[in-house]
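A short worksheet on the structure shown next.
This one's a predicted model, so the numbers in the text were calculated from it and none came from an experiment. Letters A, B, ... are given to chains in the order of the sequence lines, protein chains preceding strands, and every chain is numbered from 1.
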There are 2 protein chains.
Amino acid sequence: MTAFSELFGEFDRRVLPNHMTDADILRLRHEAFALDLGAQDHAGFDNDEDHFVYVAKGAAKLVAYLSASREQIVAFGFPGEIIHVPGGGQRNFSLIALEPSELLVIPANSLLAASGQDCALLRLAIEQTMLALGRSRKNAIMLGTRSARERLAGFLLDMFERGSRPDDPPETIHLPMSRNEIADSLGLTIETVSRQFSEMRNLGLIETSGRSLVTILDWEGLAHAAGQMPVAA
Amino acid sequence: MTAFSELFGEFDRRVLPNHMTDADILRLRHEAFALDLGAQDHAGFDNDEDHFVYVAKGAAKLVAYLSASREQIVAFGFPGEIIHVPGGGQRNFSLIALEPSELLVIPANSLLAASGQDCALLRLAIEQTMLALGRSRKNAIMLGTRSARERLAGFLLDMFERGSRPDDPPETIHLPMSRNEIADSLGLTIETVSRQFSEMRNLGLIETSGRSLVTILDWEGLAHAAGQMPVAA
DNA sequence: CGAGTCCTTGAAGGTGTTCAAATTACGTGG
DNA sequence: CCACGTAATTTGAACACCTTCAAGGACTCG
């Protein structure tokens, strides 16, 4: 069993709906390809077309480049998630691995091409695109309305939801991205992020160990700091 | 010919692809409905489901409510455009008319339900969702990286692209939204928006007349103020 | 163990916010 | 058609938060 077969098999089990026809699965198998990236490698695939990227192992960031210094991280991808990578539109997007990663790349056209009569692949594509839209809007709301404290607290809670691994100690998470990358995703500077870490440490909300291990000590306090919306109608 | 027929006819001509089957068109016609809204009316439809809303006349905003005071406008919709309105997820979204508007509302399920063998409706849905995703990401990048000046300059240029009407004087646009709504969409306060208007007026970039008429005097200067990315590789 | 990078901390400054008040625009009724 | 009342906008001043610039310290990799 090749590496690709294993990878595609995992994708099939975890993402593809059960009722897919063999023809659809075979076509997808033919169009998709595996990508093994080292830390900071950027995924190089045909930039004219949209792609869906399934993250099997590791972690990745989708970056939009602006001026030389400032860049914005549009999305993170963790194992089991799918990132939508736009093709050559107006802006320059890149998918970059945060740590050694195994990815399965699926050209969007292979999902959009006519597929059987129940259009299972199209349905998969639209479902993933809508998920991406929801995440992007949530992100935009965060960037438009929240303070630095709220952003980092929300970020940490989000990372705990998405990034907990079987081998991590409970309540503890390994952040695969640097402070700089956290800053670029929250629309802040690295110094502000660092200061927020320190203050939240001093408040007894979290504990850190090394550069990337974070333990949540006070879940309620952290949720409060993230500025949860009251459940009013 | 009823108002709905006219509205749906326009939608058919301007949005639906030519090769749609009559069955698809009829089903869509059966599921879609017209909505006539006065200024500040909010579109009330079943909030559990996603909807696509075609704006025929007027203008609308898609708002996310957070705490009582702060809200974020996620998208504007102008004639000819389609807004994706998410259903009952975690957040509270509302579609609200900025001025008297005619909308055509299409429940997402009526596009997602199996449709013929070429899945024309599904294709339409995915195309619109991807457009919405692109706009949302562009918006997130703006909110994460741009200054107040850049945001308002970019906003005005965007409005000129999307909102020019046949009866407007050239170089001049009617903004259907208040300063408050501009602020809520740019992630700023109303005072900051007003100050930026004043400064851009003093710089000779724009001219304003009344509350909603804006004339661009210096296109190049405004584009520069918007912080155009140099076309470097 | 050493070198380099990443992270933290400090101090000063800028940009946008908040609070408050004056002014302008617009719809309504006379 | 003009005057008035209300709401939106503009402006001012003080302040808060985040950024910038700068330097010291810690972690990780080879």
Side-chain angles (χ1 to χ4, degrees), chain A residues 38-40 61 66-72 98-100 142-156 174-203 206-214 225 227, chain B residues 38-40 61 66-72 98-100 142-156 174-203 206-214 225 227:
Chain A
Q40 301 307 320
K61 62 176 175 178
L66 301 133
S67 47
S69 62
R70 204 118 177 116
E71 58 188 63
Q72 175 72 28
L98 298 172
E99 54 186 15
M142 181 274 290
L143 292 169
T145 62
R146 320 239 83 140
S147 69
R149 169 70 48 84
E150 291 171 325
R151 293 182 197 192
L152 186 60
F155 173 81
L156 289 177
H174 163 82
L175 297 179
M177 70 289 287
S178 70
R179 298 290 132 99
N180 222 317
E181 288 164 328
I182 296 176
D184 283 341
S185 87
L186 299 181
L188 302 167
T189 60
I190 176 176
E191 294 95 331
T192 300
V193 170
S194 181
R195 264 183 262 272
Q196 291 303 326
F197 264 107
S198 298
E199 289 176 23
M200 287 167 63
R201 214 162 16 211
N202 292 338
L203 288 170
I206 61 170
E207 208 171 59
T208 62
S209 157
R211 277 172 182 160
S212 66
L213 287 178
V214 180
Chain B
Q40 301 306 321
K61 62 175 175 180
L66 300 133
S67 46
S69 62
R70 203 116 179 120
E71 58 189 62
Q72 176 72 27
L98 298 171
E99 54 187 13
M142 181 274 291
L143 292 167
T145 62
R146 320 239 81 141
S147 69
R149 169 71 48 84
E150 292 172 324
R151 293 184 197 192
L152 187 60
F155 173 81
L156 289 177
H174 164 82
L175 296 179
M177 70 289 286
S178 69
R179 298 290 130 101
N180 222 317
E181 289 164 327
I182 296 175
D184 284 341
S185 84
L186 298 182
L188 302 168
T189 60
I190 176 174
E191 294 96 331
T192 300
V193 170
S194 181
R195 264 183 262 271
Q196 290 303 327
F197 264 107
S198 298
E199 290 176 21
M200 287 168 62
R201 215 161 17 212
N202 293 338
L203 289 169
I206 60 171
E207 209 171 58
T208 62
S209 159
R211 277 174 183 159
S212 64
L213 287 178
V214 179

Not counting sequence neighbours, which residues clear salt bridge (Lys or Arg N to Asp or Glu O under 4.0 Å) with [X]? List them please.
X: A:E207; answer: none
X: A:E191; answer: none
X: A:R179; answer: none

Quiz item: For every nucleotide of nucleotides 25-30 of chain D, 5' to 3': is a protein heavy atom under 4.0 Å from its base (B), only from its sugar-phosphate (S), or from neither (-)?
Solution: -BBS--
Do [X] and [Y] touch side chain to side chain, with heavy atoms closer than 4.5 Å?
X: A:E99; Y: A:H174; value: yes
X: A:M200; Y: A:L156; value: yes
X: B:I182; Y: B:L175; value: yes
X: A:M142; Y: A:L186; value: yes

Quiz prompt | Spacing between A:R70 atom CZ and D:dT19 atom P, to the nearest angstrom | solution =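 Going from CZ in A:R70 over to P in D:dT19 covers 7 Å.
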Exercise. Could you check how far CG of B:L175 sits from P of D:dA8, rounded to whole Å?
Key: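 Atom CG in B:L175 sits about 16 Å away from atom P in D:dA8.
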Sequence neighbours excluded, which residues qualify as side-chain hydrogen bond (donor to acceptor under 3.5 Å, both in side chains) partners of [X]?
X: B:S194; answer: none
X: A:R149; answer: A:Q196, A:E199
X: B:T192; answer: B:T189
X: A:R201; answer: A:S198, A:T208

Practice problem: Using the side chain to side chain contact (heavy atoms under 4.5 Å, CB included) rule, take A:D184 and A:I190 through it: C-alpha gap first, then chi angles, then the decisive distance, then the call. | Solution: CA-CA 8 Å; A:D184 283 341; A:I190 176 176; over 6 Å; no
Exercise. Ignoring the backbone of B:S198, work out which of D:dT11, D:dT9, D:dC18 is nearest its side chain.
Key: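 The closest nucleotide is D:dT11.
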Quiz item: Using Watson-Crick pairs (N1 to N3, plus N6-O4 or O6-N4) and G-U wobble pairs, both distances under 3.5 Å, which stems of at least 3 pairs involve DNA chain C?
Solution: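 Looking at DNA chain C, the stems formed by three or more consecutive pairs are C:1-30 with D:1-30.
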Quiz item: Under a 4.0 Å heavy-atom cut-off, which of residues 182-196 of chain A touch DNA chain C?
Solution: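 Contacts with DNA chain C under 4.0 Å: A:E191, A:S194, A:R195.
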Quiz item: So what does A:R151 hit on the nucleic acid, given a heavy-atom distance under 4.0 Å: a base, only sugar-phosphate, or nothing?
Solution: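 If one applies the 4.0 Å heavy-atom cut-off, A:R151 turns out to touch nothing in the nucleic acid.
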Practice problem: Could you tell me whether A:R149 contacts a base, only the sugar-phosphate backbone, or nothing, with contacts defined as non-hydrogen atoms closer than 4.0 Å? | Solution: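 A:R149: no heavy atom of the nucleic acid under 4.0 Å.
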Quiz item: What residues, two or more places apart in sequence or in another chain, satisfy side chain to side chain contact (heavy atoms under 4.5 Å, CB included) together with A:E181?
Solution: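 Counting only residues at least two positions away or on another chain, A:E181 forms a side chain to side chain contact (heavy atoms under 4.5 Å, CB included) with A:Q40, A:K61, A:I73, A:L98, A:M177, A:S178.
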Practice problem: Could you tell me from which nucleotide to which nucleotide of DNA chain C, 5' to 3', there is an atom under 4.0 Å from chain A heavy atoms? | Solution: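 Extent of the interface on DNA chain C: C:dT5 to C:dA11.
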